[in-house]
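Letters A, B, ... are given to chains in the order of the sequence lines, protein chains preceding strands, and every chain is numbered from 1. Predicted, not measured: the structure shown is a model, and the values here were computed from it. Computation of the quantities below employed the complete heavy-atom set of this structure, encompassing side-chain atoms and omitting hydrogens, waters and symmetry-equivalent molecules.
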There are 2 protein chains.
Amino acid sequence: MKKNKTACENCESRMSGVFCDLDSAELSNISEHKVTNVYKKGQNLFVQGNHPYGLYCVSRGNIKVSKVGADGKESIVRIVKGGDVIGHRSLFTDQNYTATATAMEDSTVCFLDKKFIMKAIQEMPSVAMNIIEKLSRDMGAAENKVSSFHQKNVRERLAELLLLLKESHGEETEDGHIKINIKLTREEMATMIGTANETLIRFISEFKDEGLIEQDGKFIIIKDEDELMNWADANY
Amino acid sequence: MKKNKTACENCESRMSGVFCDLDSAELSNISEHKVTNVYKKGQNLFVQGNHPYGLYCVSRGNIKVSKVGADGKESIVRIVKGGDVIGHRSLFTDQNYTATATAMEDSTVCFLDKKFIMKAIQEMPSVAMNIIEKLSRDMGAAENKVSSFHQKNVRERLAELLLLLKESHGEETEDGHIKINIKLTREEMATMIGTANETLIRFISEFKDEGLIEQDGKFIIIKDEDELMNWADANY
DNA sequence: AGCGAAATATAACCTAAATCAGGTTTTTAG
DNA sequence: CTAAAAACCTGATTTAGGTTATATTTCGCT
């Protein structure tokens with residue numbers, strides 16, 4: 001975890017986060033109060049049970065937020081990408097972290113002290129509003145997941161996951177299809193939809209056989225979005 | 001849905017909500033901008049797909065927030081009681097409602113116009129902060145649910161549900177036990193943990209046979225909390 | 001009070017998906 | 001480059017819990 005410093009003004013994810021509405025004076029104020037860290041793939045930003053001291057703001061890279069149960073089983077509850085904040089949930093409720101955050105690849109993440117971020121919320125209504133918006137959106141996603149568990153089978157949840165990943169990490173290829181530009185193991189995908197990796201692999205294979213998706217090395221390419229949407233909305 | 005008006009200052013849930021830190025001048029300002037409605041059991045405050053025009057603030061009664069899937073199956077994603085706000089999630093993301101809110105019993109609910117509540121957030125940092133806290137807490141609960149689905153079986157999820165209901169709706173009885181003071185059908189409990197009602201009934205019966213819980217009319221009484229906690233944290 | 005409709009309960013059966021077992025391929029580290 | 005370890009894949013077996021069926025009890029309503 002090397003430390004170095006980049007100005008927020010030059011951050012490649014500058015426009016997408018909760019600080020997007022700030023002017024350059026306010027931004028440079030934040031710049032001065034933050035620490036920038038580089039995490040290697042597999043390193044934790046924080047682990048379940050730790051006490052939170054501030055807010056993490058991802059500049060580059062994908063971070064997975066996961067919970068481990070009593071039996072040691074991992075569940076990925078969400079994936080956070082460049083521009084997003086992380087660690088806010090526990091920070092604002094003043095509990096210890098209820099999940100672990102791990103870099104899925106080499107990542108650059110800034111850290112803001114709790115006192116500073118609390119002051120920012122009080123003084124800059126746009127920051128408060130953006131945090132409220134972000135929490136609301138994330139909560140919507142979490143509640144969707146809950147009802148999907150009840151109402152959909154594994155095949156349907158997988159179709160849904162692929163479409164969500166397309167939204168969050170999709171990139172157009174030369175031939176006009178969408179490539180899911182994030183490296184995920186089958187195990188990780190399985191824990192995202194709450195199934196066993198053998199089961200997940202089986203349905204991935206089915207989707208490939210049926211021409212709904214294709215594989216490009218580690219990456220999945222969406223070939224038939226309409227059909228995936230049909231499955232995600234349950235039809236069998 | 002009869003209308004009448006009660007001052008926030010006299011609201012029985014005044015101290016528990018997002019407006020709890022306001023002084024009486026601020027409170028009476030809110031009082032003047034709200035509408036108070038009484039909903040009969042079974043009536044909807046809003047339904048999935050509607051456009052949100054403001055914020056609901058529950059004064060008295062329990063409101064269930066549920067989603068229906070493509071197959072018509074209902075899932076209760078959370079239950080909101082007196083003092084809590086509802087409808088904020090969709091309001092702040094400016095989407096249509098993604099769930100339906102239904103009164104579980106005759107309830108009193110106030111409604112605040114969107115413009116007014118947005119202004120309140122800008123001008124009263126405590127309101128913004130309380131909303132952030134509430135969203136964070138709710139989101140923690142939702143993420144716990146997601147990982148429970150993956151990591152726990154029905155018996156364990158039921159034990160967990162009973163303990164959560166004890167926290168949110170528990171009341172001490174004369175003989176020192178805790179009674180879950182909310183009327184829920186087996187069907188409703190089943191949809192809260194994503195199972196079939198027959199299955200839920202099976203495990204409720206088991207818990208009764210084993211002396212972990214007892215029934216007092218429509219209400220459940222926790223008899224052996226420790227054992228329930230063991231089950232909720234998974235041990236089989 | 002009495003009737004119909006929900007809600008509750010129990011048992012038998014069946015299926016979706018977990019688990020187990022055995023491979024092959026890819027990645028990583030020395 | 002090579003060995004070891006991950007990751008991936010497929011088939012067989014088992015099982016938790018969904019589904020179906022049938023009673024019984026309770027509730028809401030006129």
Side-chain angles (χ1 to χ4, degrees), chain A residues 40-43 64 69 71-76 102 104-106 148-159 161 182-210 213-220 231 234-236, chain B residues 40-43 64 69 71-76 102 104-106 148-159 161 182-210 213-220 231 234-236:
Chain A
K40 285 250 160 242
K41 176 180 175 175
Q43 278 189 314
K64 66 175 174 183
D71 52 354
K73 208 186 279 183
E74 181 194 37
S75 305
I76 297 180
T102 312
M104 302 178 76
E105 58 213 40
D106 297 358
S148 284
F149 265 105
H150 183 195
Q151 295 172 347
K152 295 178 184 174
N153 62 28
V154 174
R155 189 180 226 264
E156 292 158 356
R157 296 209 299 277
L158 174 57
L161 174 67
I182 179 176
K183 273 189 192 172
L184 282 165
T185 66
R186 300 286 132 116
E187 178 71 42
E188 285 171 328
M189 291 181 73
T191 75
M192 293 180 78
I193 58 171
T195 190
N197 63 49
E198 295 92 329
T199 306
L200 181 116
I201 286 168
R202 239 178 290 248
F203 287 113
I204 288 266
S205 301
E206 281 188 25
F207 282 173
K208 281 197 277 194
D209 292 347
E210 294 166 19
I213 60 174
E214 222 167 59
Q215 192 105 13
D216 173 18
K218 265 299 226 183
F219 301 104
I220 287 172
W231 277 104
N235 63 348
Y236 73 114
Chain B
K40 286 253 162 240
K41 175 179 175 177
Q43 279 190 314
K64 66 176 175 182
D71 52 355
K73 209 186 277 183
E74 181 194 36
S75 305
I76 297 180
T102 312
M104 302 178 75
E105 58 214 40
D106 296 359
S148 285
F149 264 104
H150 183 195
Q151 295 172 347
K152 295 178 182 173
N153 61 27
V154 173
R155 189 179 228 264
E156 293 158 356
R157 295 208 301 277
L158 175 57
L161 174 67
I182 179 176
K183 272 189 193 170
L184 282 164
T185 65
R186 300 287 132 114
E187 177 71 41
E188 284 171 329
M189 292 182 72
T191 74
M192 293 180 78
I193 59 171
T195 190
N197 63 46
E198 293 91 335
T199 307
L200 181 117
I201 287 169
R202 206 143 51 197
F203 288 113
I204 288 265
S205 300
E206 280 188 26
F207 282 172
K208 281 197 277 194
D209 291 347
E210 293 165 21
I213 60 174
E214 221 168 58
Q215 193 104 11
D216 173 18
K218 263 300 227 182
F219 301 105
I220 287 172
W231 276 104
N235 64 348
Y236 72 116

State, to the nearest 10°, the angle formed by the axis through the first five base pairs of the helix from dA1(C)-dT30(D) to dG30(C)-dC1(D) and the axis through its last five. 70°
Does some side-chain heavy atom of Met104(B) sit less than 4.5 Å from a side-chain heavy atom of Ile182(B)? yes
All side chain to side chain donor-acceptor pair (under 3.5 Å) counterparts of Glu210(A), not counting sequence neighbours: Arg155(A)
Ring pair (Phe, Tyr, Trp, His ring centres under 6.0 Å) with Phe149(A): which residues, sequence neighbours excluded? Phe149(B)
Side chain of Lys41(A) (C-beta onward), nearest among dG18(D), dG17(D), dT28(C): dT28(C)
Rounded to whole Å, how long is the line connecting atom CD of Glu156(B) with atom C1' of dA16(D)? 12 Å
State which residues pass side-chain contact (heavy atoms from CB on, under 4.5 Å) with Ala190(B); sequence neighbours excluded, sorted by chain then number. Thr195(B), Asn197(B), Leu200(B)
Give the B/S/- string for nucleotides 4-10 of chain D, one per nucleotide from 5' to 3', where a protein heavy atom under 4.0 Å of the base yields B, of only the sugar-phosphate yields S, and otherwise -. ---SSBB
Among residues two or more places apart or on two chains, list those pairs meeting salt bridge (charged side-chain N to carboxylate O under 4.0 Å, His left out) that have a residue in residues 185-205 of chain B. Lys64(B)-Glu188(B)
Give the rounded distance in Å between these two atoms: NZ of Lys183(B) and P of dA7(C). 13 Å
From CG of Asp209(B) over to C1' of dT10(C), roughly how many Å is that when rounded to an integer? 12 Å
Please report the distance, rounded to the nearest Å, between CD in Glu105(A) and C1' in dT28(C). 18 Å
Atom pair distance, as rounded to whole Å: CG in Leu200(B) and C1' in dT8(C): 11 Å
What residues, two or more places apart in sequence or in another chain, satisfy side chain to side chain donor-acceptor pair (under 3.5 Å) together with Asp216(B)? none
Length of the line joining Phe203(B):CZ and dT10(C):P, which is rounded to integer Å: 14 Å
Contacts of Ser75(B) that satisfy side-chain contact (heavy atoms from CB on, under 4.5 Å) - sequence neighbours left out: Ser147(A), His150(A), Gln151(A)
So, is Thr195(A) near the phosphate of dA18(C), with a side-chain N or O under 4.0 Å from OP1 or OP2? yes
Please tell me which of the listed nucleotides, dG18(D), dG17(D), dA17(C), lies nearest to the side chain of Asn153(B)? dG17(D)
Could you measure the distance from the NZ atom of Lys183(B) to the NZ atom of Lys218(B)? Nearest 0.5 Å is fine. 7.5 Å
Nearest whole Å is fine: how far is dA6(C) P from Met189(B) CE? 22 Å
When rounded to whole Å, the NZ to P distance for the pair Lys73(B) and dG17(D) reads 14 Å
Sorted by chain and number, sequence neighbours left out, salt bridge (Lys or Arg N to Asp or Glu O under 4.0 Å) with Glu105(B) holds for none
